Amino acid sequence: MTHSSFGSGPGSQTPDGCSVDLYRRLPYLGDLQDVESELLKFPAALELGCGTGRLCLRLQQLGLQPTGVDESAEMLAHLPPGVAGIQSAIETLDAGRHWPVVLLPSHLINHPDESTRRRFVQAARRHLAPGGIFFAKRHSPHWLAAATPGRLGAAGGVVLVAEHVARDGDLVSMRLRYEADDAAWTQSFTTRSLEQADIEVLLAACGFGSFRWLGEQGLWLMASACDTVVPC
Ligand SMILES: C[S@@+](CC[C@H](N)C(=O)[O-])C[C@H]1O[C@@H](n2cnc3c(N)ncnc32)[C@H](O)[C@@H]1O
């Protein structure tokens with residue numbers, strides 16, 4: 001089954017419904033806080049699904065040399081100075097080099113389609129240097145189970161409102177509205193609630209091991225590539 005995503009509002013939207021103008025405005029909101037002390041140990045990182053480079057900028061501030069991958073040229077056009085960008089779908093990425101850190105943030109691991117999740121993890125594995133670490137951030141299953149329409153919070157001058165929430169087993173479909181003083185955007189998407197064990201099974205099948213979950217809620221996963229690579 002395919003699950004469509006779309007967005008609306010001023011400026012352009014990516015295929016997964018993110019608005020470029022919204023991400024240009026959003027500041028760093030501590031997204032990497034749970035893994036920053038680990039990231040500091042490395043000289044460079046590849047971020048899969050980097051958007052305008054909000055997190056790449058933070059990586060740069062932490063002393064890593066960031067490279068960002070995104071399928072949207074409009075997003076990549078706004079990368080901070082000094083951040084290298086690669087326009088590609090994550091699934092088909094073939095950058096021809098390896099990084100000591102590969103990040104899959106922004107809950108992309110919760111993609112509703114099993115085959116796409118697997119291709120994301122395979123792309124991370126293909127681009128990880130020997131001894132490198134893969135970091136992935138999942139949605140909180142508790143949050144996905146509890147979220148109801150209404151105001152969810154505010155950050156960086158943007159109010160976040162859930163306009164629509166529907167559930168079908170472990171699939172959760174939402175329409176989120178982002179309200180700034182002078183503009184508003186929506187993003188509609190479907191995401192799959194995943195327990196830690198679900199993600200560990202997927203990563204193990206793609207040649208990863210040594211799993212460590214970080215943060216109070218255990219939403220960030222660190223994984224190493226196994227010596228013997230098992231093809232997915
Ligand atoms: C929610 S935004 C987050 C951007 C950035 N990580 C941040 O936190 O600011 C997700 C980004 O991932 C990109 N993206 C989603 N799926 C992708 C895919 N399959 N291949 C490449 N880019 C993808 C979108 O174009 C979008 O820019």
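Read the numbers this way: they start at 1 and go in the same order the structure lists the ligands and their atoms. This structure is a prediction, so every number in the text was calculated from the model and none was measured. In what follows, residues are counted from 1 in the order of the sequence shown.
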| query | Can you tell me the protein heavy atom closest to atom 2 (S) of ligand 1 and the distance? | reply | Cys18 SG, 3.3 Å
| task | Just jot down the ligand 1 atoms closer than 4.0 angstrom to any heavy atom of Gly51, in number order. | result | 4 (C), 27 (O)
| Are side-chain N/O atoms of Arg58 and Gln61 paired as donor and acceptor at under 3.5 Å? | yes
| field | Phe120 neighbourhood, listing ligand 1 atoms whose heavy-atom distance to it stays under 4.0 Å | value | 19 (N)
| said: Is it the case that ligand 1 has an N or O less than 3.5 angstrom from some N or O of Asp70? | reply: yes
| Within 6.0 angstrom of Arg126 CZ, more than 12 heavy atoms from elsewhere | yes
| query | Looking only at non-hydrogen atoms, which of Ser106, Gly17, Ala89 approaches atom 3 (C) of ligand 1 most closely? | reply | Ser106
| field | Which residue and heavy atom of the protein sit nearest atom 4 (C) of ligand 1, plus the separation | value | Gly49 O, 3.4 Å
| query | Heavy-atom contacts under 4.0 Å between Ile90 and ligand 1: side chain, backbone, both, or neither? | reply | both
| Any sub-3.5 Å donor-acceptor pair from Gln196's side-chain atoms to Gly218's backbone N or O? | yes
| field | Arg177 (side chain) donor-acceptor with Val161 (main chain) under 3.5 angstrom | value | no
| query | Which atoms from ligand 1 have a heavy atom of Cys50 less than 4.0 Å away? | reply | 4 (C), 5 (C)
| Do side-chain atoms of Gln87 reach the backbone of Glu71 as a donor and acceptor pair under 3.5 angstrom? | yes
| message | Any nitrogen or oxygen of Glu47, side chain or backbone, less than 3.5 Å from one on ligand 1? | response | yes
| note | Looking only at non-hydrogen atoms, the one of Glu91, His107, Glu71 nearest atom 19 (N) of ligand 1 is Glu91
| For ligand 1, which atoms have a heavy atom of Thr14 less than 4.0 angstrom away? | 25 (O)
| field | Arg167 side chain to Ala145 backbone, donor-acceptor under 3.5 Å | value | yes
| field | Any donor-acceptor N/O pair, Gln60 side chain to Pro81 backbone, under 3.5 Å | value | yes
| task | Check Leu55 against ligand 1 and report side chain, backbone, both or neither, counting heavy atoms closer than 4.0 Å. | result | side chain
| query | Backbone, side chain, both or neither: what part of Ser88 comes under 4.0 angstrom of ligand 1, heavy atoms only? | reply | backbone
| Between the side chain of Gln65 and the main-chain N/O of Gly82, is any donor-acceptor distance below 3.5 Å? | yes
| Taking atom 8 (O) of ligand 1 as the reference point, the nearest protein heavy atom with its distance | Arg54 NH2, 2.9 Å
| query | Is it true that a side-chain atom of Asp70 and a backbone atom of Ser72 form a donor plus acceptor pair closer than 3.5 Å? | reply | yes
| message | Quick test: of every protein heavy atom, which one is nearest to atom 15 (C) of ligand 1, and how far off is it to 0.1 Å? | response | Asp16 OD2, 3.2 Å
| said: I'd like to know if the side chain of Asp21 pairs up with that of Ser19 as donor and acceptor (distance under 3.5 Å, no hydrogens or angles considered). | reply: no
| remark: Taking only non-hydrogen atoms of Met75 and a 4.0 Å limit, the atoms of ligand 1 in range are 27 (O)
